[in-house]
J.: 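Quick one: the structure is below, and I'll ask about it shortly.
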Amino acid sequence: MNQPNPKSTAYPDLDLSGSRQFLDWLIAEKISLACTTYQTSRLILIGANPEGRFSGFERLFDRAMGLFATPERLYMSAKSQLWQLDNILETGQLYNGYDKLYVPRIGHTTGDLDIHDVALNSAGEVMFVRTLLNCLATLIDIHRCAPCGNPSLSQKL
């Protein structure tokens, strides 16, 4: 039996489908959804296209996992990075009929920390669950990230 070459293994094709009322709900609420799946390493954006039909867009990020959205920005964790994707369109500007165009602007290399949930605290700082050390953490310039919310663990690092 031949073993697949890990360097040439392709990601499976994405097949999006929804219930018969899902598209109507997206259009009525004037929203799109963003989600990640670490099983296929994807960031997926789902919504309605300018013609009112189901629309999906994907980008591959190695083990895409935690995701947090603001009106103009997405924060997403991957295997060894924490990404900031910014909407580069001005208010009222469209790109191929869409009102948002997210582009990776900042990538923090964190190492493989198994980052799950991502959020912003009240000061606007990125916080995340660093599951390999079982703690909350934030980004810092010197050491890339620092534990917080667990004083006994913070003192040991």
Side-chain angles (χ1 to χ4, degrees), residues 1-132 136-141 144-145:
M1 185 188 287
N2 292 334
Q3 295 295 321
N5 179 349
K7 292 183 179 179
S8 67
T9 302
Y11 290 95
D13 290 335
L14 181 66
D15 182 23
L16 293 175
S17 62
S19 67
R20 58 190 167 100
Q21 296 167 341
F22 182 56
L23 179 61
D24 293 336
W25 177 76
L26 290 173
I27 293 169
E29 297 298 321
K30 298 179 183 177
I31 62 170
S32 296
L33 301 176
C35 59
T36 59
T37 171
Y38 69 89
Q39 291 93 342
T40 62
S41 295
R42 284 182 166 87
L43 167 64
I44 304 167
L45 304 175
I46 302 168
N49 69 17
E51 292 80 36
R53 293 193 303 259
F54 191 62
S55 177
F57 182 79
E58 66 176 326
R59 278 294 177 250
L60 297 174
F61 290 88
D62 191 10
R63 208 168 73 206
M65 203 170 328
L67 185 63
F68 181 80
T70 71
E72 297 298 320
R73 184 169 286 157
L74 298 175
Y75 296 92
M76 185 198 63
S77 67
K79 181 177 181 180
S80 299
Q81 293 86 22
L82 186 60
W83 290 98
Q84 176 183 310
L85 296 89
D86 293 335
N87 172 34
I88 61 168
L89 299 180
E90 301 290 330
T91 302
Q93 185 181 8
L94 298 178
Y95 176 78
N96 291 339
Y98 296 95
D99 62 350
K100 304 281 186 195
L101 178 60
Y102 292 101
V103 175
R105 290 293 201 186
I106 299 173
H108 298 276
T109 300
T110 60
D112 187 0
L113 301 178
D114 208 15
I115 296 173
H116 284 256
D117 296 320
V118 178
L120 296 179
N121 66 15
S122 59
E125 298 168 323
V126 177
M127 304 291 296
F128 51 90
V129 177
R130 183 176 165 178
T131 58
L132 284 183
L136 291 175
T138 188
L139 297 167
I140 59 172
D141 291 334
R144 305 227 179 2
C145 67

J.: Go through the structure and list residues passing side-chain contact (heavy atoms from CB on, under 4.5 Å) with Thr36, not counting sequence neighbours.
T.: Leu43, Ala64, Leu67, Met76
J.: Tell me if the aromatic rings of Tyr75 and Trp83 count as close, with their centers under 6.0 Å from one another.
T.: no
J.: Answer whether the closest heavy-atom distance between the side chains of Ser80 and Asp112 falls below 4.5 Å.
T.: yes
J.: Side chains of residues 96-105: which donor-acceptor partners sit under 3.5 Å, not counting sequence neighbours?
T.:
residue: Tyr98; atom: OH; partner: Ser55; partner atom: OG; Å: 2.8
residue: Lys100; atom: NZ; partner: Pro71; partner atom: O; Å: 3.0
residue: Lys100; atom: NZ; partner: Glu72; partner atom: OE2; Å: 2.7

J.: Show me the pairs that pass ring-ring contact (aromatic ring centres under 6.0 Å, His included) and involve residues 19-51, at least two apart or across chains.
T.: none
J.: Donor-acceptor pair, distance only, cut-off 3.5 Å: does the side chain of Ser77 make one with the backbone of Ile115?
T.: yes
J.: Does the side chain of Leu82 reach to within under 4.5 Å of the side chain of Phe128, using non-hydrogen atoms?
T.: yes
J.: Test Leu120 against Thr70 for side-chain contact (heavy atoms from CB on, under 4.5 Å), laying out the working first.
T.: CA-CA 9 Å; Leu120 296 179; Thr70 71; 3.9 Å; yes
J.: Could you name each residue pair satisfying salt bridge (Lys or Arg N to Asp or Glu O under 4.0 Å) that touches residues 80-89, not counting sequence neighbours?
T.: Arg73-Asp86
J.: With sequence neighbours excluded, tell me which residues meet salt bridge (charged side-chain N to carboxylate O under 4.0 Å, His left out) with Asp114.
T.: Arg63
J.: Measure the CG-OG1 distance between Leu60 and Thr40 for me, rounded to the nearest 0.5 Å.
T.: 7.5 Å
J.: How long is the span from the NZ atom in Lys79 to the OG1 atom in Thr110, to the nearest 0.5 Å?
T.: 11.5 Å
J.: Between Asp117 and Phe68, does the side-chain contact (heavy atoms from CB on, under 4.5 Å) criterion hold? Intermediate values first, please.
T.: CA-CA 8 Å; Asp117 296 320; Phe68 181 80; over 6 Å; no
J.: Can you see which heavy atom on Gly47 is nearest to which on Ser32, and at what distance?
T.: CA-OG, 3.8 Å
J.: Can you tell me how far the CZ atom of Arg130 sits from the NE2 atom of His116, to the nearest 0.5 Å?
T.: 13.0 Å
J.: Supply the atom-to-atom distance Arg42 CZ to Asp62 CG, rounded to the nearest 0.5 angstrom.
T.: 12.5 Å
J.: To the nearest 0.5 Å, what is the distance between SG (Cys35) and CD1 (Ile44)?
T.: 4.5 Å
J.: Name all residues meeting the side-chain contact (heavy atoms from CB on, under 4.5 Å) criterion together with Gln21; count only those two or more places apart in sequence or in a different chain, and write none if there are none.
T.: none
J.: Roughly how far apart are Ser41 OG and Arg59 CZ, rounded to 0.5 Å?
T.: 14.5 Å
J.: Please list, chain by chain and in numerical order, all residues satisfying side-chain contact (heavy atoms from CB on, under 4.5 Å) with Ile106, sequence neighbours excluded.
T.: Gln84, His108
J.: Under the salt bridge (charged side-chain N to carboxylate O under 4.0 Å, His left out) test, which residues partner Asp24, sequence neighbours left out?
T.: none
J.: What do you reckon, is CD of Glu51 surrounded by more than 12 foreign heavy atoms closer than 6.0 Å?
T.: yes
J.: List the residues meeting side-chain contact (heavy atoms from CB on, under 4.5 Å) with Ala123, not counting sequence neighbours, and say none if there are none.
T.: Asn121, Glu125
